[in-house]
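Just so it is clear, the structure is predicted and the values come from calculations on it, not from any experiment. Side chains are part of it too, since the values below use all heavy atoms of this structure and drop only hydrogens, waters and symmetry mates.
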Amino acid sequence: MQAAATRPASVSKLRRANKLNGTPSRAAVDDVGLLDALPIAATIIERASDGTLSVFAHNGRFTDIVHKSNCIALDWNQAECLKDGPIAELLQAFFDGSHPTGELDLKHGDGVSSRFFRLKLAPLPKRNSTAKRCLLSVVDRTVEVQAERTLRAEMLRDSLTGLPNRLAFSEAIETAGASVAGDLEHAVLVVDMLRFSRINESMGGLAGDELLITFARRLILALRLGDVLARTGGNEFGILVSLRRGVEDALKAAERIEQVMTAPFKLSELEIRVECAIGVALMHADQDPEELFRNAQFAVKQAKTAGSPQVYEPKQATEARRRFSIETELRRALDRDQLRLFYQPLINLKSGEVAGFEALARWTHEDRGEISPTEFIPVAEESGLILALGRWAMDSAAQTLADWDKQQGAQLPLYVSVNLSAIQVARDDIAGVVRSALNSSGLSGERLTLELTESSIVQDPLRATRVFDALKSLNATLAMDDFGTGYSSLAYLQRLPIDVLKIDKSFVSGMMVDPDAVAIVRAVLGLAEALGMSTTAEGIETVELATTLATLGCAAGQGFYCAKPLEAQAALDYWKLRQH
């Protein structure tokens, strides 16, 4: 917008300028009266048949706004503003019909003294001439724009630390991403303050706020010029760093952050060491800001496990997405009863007879094919689906054994072994689940063996003791699975009512080549005998292993040498075959 050369003419002067043959035009007088009645600054613009623009009339408010802002410069004799510039372009386009909205936002000045105006055009009927006319109104939007800017600044600022918030950080990532052209130029670091919830709960919210503010100040010390720091969550901060030497610069930034956090934080009279987990995600061209931020958050989870800053690897995220996909499909499979139980024979190593079967869940997906239990069982445990899966397995295994009895017309000398997850022991009413399965199938408790891992004991020994006692009250047999691979104390073996120790296949498979493995197996067998427990060896793959274990005194075994897991009817047929 141009500065005013002269102050615009007043309405009274315009009346004189529009006299025709010494007498004011009736239309001109009416127009001036209407302009004076308008509550906004306005002027009437005419365009002659040759395209020339001229001012016909304007009201006092228009004069005031032009004079006060020194911005909208209309010299009624020269009409400089109507010859060239954005106002002239707007008017010509409006008269030609190519700018139907007829609006234009203009700014005058810079910094805090900036003024903002909105020009609006409205068509007016022609007078007794060929000239086209329109009403140009001017609205001073300075206060409105300043309020919008203040509100937006508040929306983009974290009220506690004064740092940019998550929304502002996403915009900063987007702005930086617009400059990426093939090479890595920026990285996002997500810093998660560890133990914050514990500190906040024990010391109160005010101490927690003080810690966050101090933590943010220390993060600022680790930044370089041009880096952007934001608070993106409760105890989570995001940093956008520029890269000159690729991922090395990002890791250096993480190292600086760890260094500034080494000194303890002083809260009240306490000195607290605060550690953090740092995830790094490298920016690529055309990458969505939210996706990049999620990648860095995913790397934070990896960092918490690893104990050091981690750089996002797409392969890890792909695996995580697959786990979520498996969780969804597993939930549907459970609802539609699409899982099956297979039964692996447990062989008496002395007599060679089938003593029982271990029930193993199998899942054949209609599109993905066979999904390994090593893949879907951890997903079930993580998602809590293990509770539903465990109940289904218990009921199905008990019913299968009852069906075998009916087929043979007598109670078979067999038991079925079912695995219990540590999650089930911690969250479910295991005794109730087993009791329900026994009641619905008509089996007695000694026909069921329940296999529990050492982790189910270590996580909550008191609860494990109550669960074990409740299961023994149902006459069920209790087996400790994968013995030797966990962290259980020998005191648990003496205190808990465990009947069977299952020797992990990692020890069994190495017996023929590793003297230490033989020594471990021999020690487990001796320990079981001293405690009055039976033993079962897993992973027997050869006749030599079976013979050696039998010689050492192992009671039972399972593995591919004996038989692979079988479907229910095939398992019964296998038992019949071994009877002759």
Side-chain angles (χ1 to χ4, degrees), residues 326-327 329-346 354-365 371 373 376-381 383-408 410-453 456 464 466-479 481 499-500 558 565-572 574-575:
I326 288 176
E327 177 185 337
E329 296 294 336
L330 179 58
R331 183 175 284 105
R332 292 174 182 169
L334 287 169
D335 292 339
R336 300 171 183 173
D337 196 24
Q338 294 177 340
L339 276 73
R340 294 177 297 164
L341 282 182
F342 276 52
Y343 298 86
Q344 185 169 35
L346 295 159
V354 178
F357 292 89
E358 180 180 357
L360 300 168
R362 294 293 182 266
W363 180 20
T364 302
H365 192 276
I371 299 179
F376 73 80
I377 294 297
V379 171
E381 291 182 327
S383 63
L385 290 174
I386 193 66
L387 303 184
L389 179 60
R391 290 178 175 233
W392 165 81
M394 189 70 67
D395 289 336
S396 298
Q399 191 58 53
T400 297
L401 186 54
D403 290 343
W404 289 348
D405 289 347
K406 291 179 182 178
Q407 287 187 41
Q408 296 305 113
Q411 180 174 309
L412 302 181
L414 293 173
Y415 66 87
V416 65
S417 181
V418 181
N419 290 281
L420 294 178
S421 164
I423 305 298
Q424 291 174 268
V425 174
R427 300 183 187 176
D428 209 352
D429 176 16
I430 296 298
V433 171
V434 173
R435 185 182 300 107
S436 175
L438 293 175
N439 291 338
S440 61
S441 63
L443 297 179
S444 57
E446 62 269 9
R447 306 283 304 278
L448 277 182
T449 295
L450 307 175
E451 299 189 12
L452 302 98
T453 60
S456 63
R466 292 194 298 268
V467 171
F468 277 50
D469 289 340
L471 293 175
K472 288 304 294 182
S473 69
L474 299 173
N475 296 320
T477 301
L478 301 182
D481 197 12
D499 303 297
V500 180
Q558 66 185 108
L566 304 167
E567 292 190 79
Q569 187 58 48
L572 180 59
Y574 180 83
W575 172 78

Considering only distance and modelled atom types, tabulate donor-acceptor pairs under 3.5 Å from the side chains of residues 388-395, sequence neighbours left out.
{"unit_1": "Arg391", "atom_1": "NE", "unit_2": "Asp428", "atom_2": "OD2", "d": "2.9"}
{"unit_1": "Arg391", "atom_1": "NH2", "unit_2": "Asp428", "atom_2": "OD1", "d": "2.6"}
{"unit_1": "Trp392", "atom_1": "NE1", "unit_2": "Asp337", "atom_2": "OD1", "d": "3.4"}
{"unit_1": "Trp392", "atom_1": "NE1", "unit_2": "Ser396", "atom_2": "OG", "d": "3.2"}

Quiz item: With sequence neighbours excluded, what pairs up with Phe468 under the ring pair (Phe, Tyr, Trp, His ring centres under 6.0 Å) test?
Solution: none

Practice problem: For the residue pair Ile326 and Trp363, establish whether any side-chain heavy-atom pair is separated by less than 4.5 Å. | Solution: yes

Practice problem: Spell out, as yes or no, whether a donor-acceptor pair under 3.5 Å connects the side chain of Asp499 to the backbone of Ala479. | Solution: no

Self-check item: From Ile377 atom CD1 to Ile371 atom CD1, the distance as rounded to the nearest 0.5 Å
Solution: 11.5 Å

Practice problem: Kindly write out the residues that satisfy salt bridge (Lys or Arg N to Asp or Glu O under 4.0 Å) with Arg336, not counting sequence neighbours, or none if the list is empty. | Solution: none

Quiz item: Does Phe376 reach the side chain of Leu385, with side-chain heavy atoms less than 4.5 Å apart?
Solution: no

Quiz item: Do Tyr574 and Val354 have side-chain heavy atoms sitting under 4.5 Å apart?
Solution: yes

Self-check item: Reference residue Thr449; test side-chain contact (heavy atoms from CB on, under 4.5 Å); the match among Leu478, Asn419, Thr477
Solution: Thr477

Quiz item: Under the salt bridge (Lys or Arg N to Asp or Glu O under 4.0 Å) test, which residues partner Glu381, sequence neighbours left out?
Solution: none

Quiz item: Quick check: does any side chain N or O of Arg447 sit under 3.5 Å from a backbone N or O of Val416, one acting as donor and the other as acceptor?
Solution: no

Quiz item: Side chains of Tyr343 and Thr400: do they bring a donor and an acceptor to under 3.5 Å?
Solution: yes

Quiz item: What residues, two or more places apart in sequence or in another chain, satisfy side-chain hydrogen bond (donor to acceptor under 3.5 Å, both in side chains) together with Gln408?
Solution: Lys576

Quiz item: Do the side-chain N and O atoms of Gln407 and Asp403 include a donor-acceptor pair separated by under 3.5 angstrom?
Solution: no

Quiz item: Listed by chain and number, what are the side chain to side chain contact (heavy atoms under 4.5 Å, CB included) partners of Arg362, not counting sequence neighbours?
Solution: Phe342, Leu360, Glu370, Pro373, Pro565

Practice problem: Please name the pair of heavy atoms, one in Gly445 and one in Leu438, separated by the smallest distance, quoted to 0.1 Å. | Solution: CA-CD1, 3.9 Å

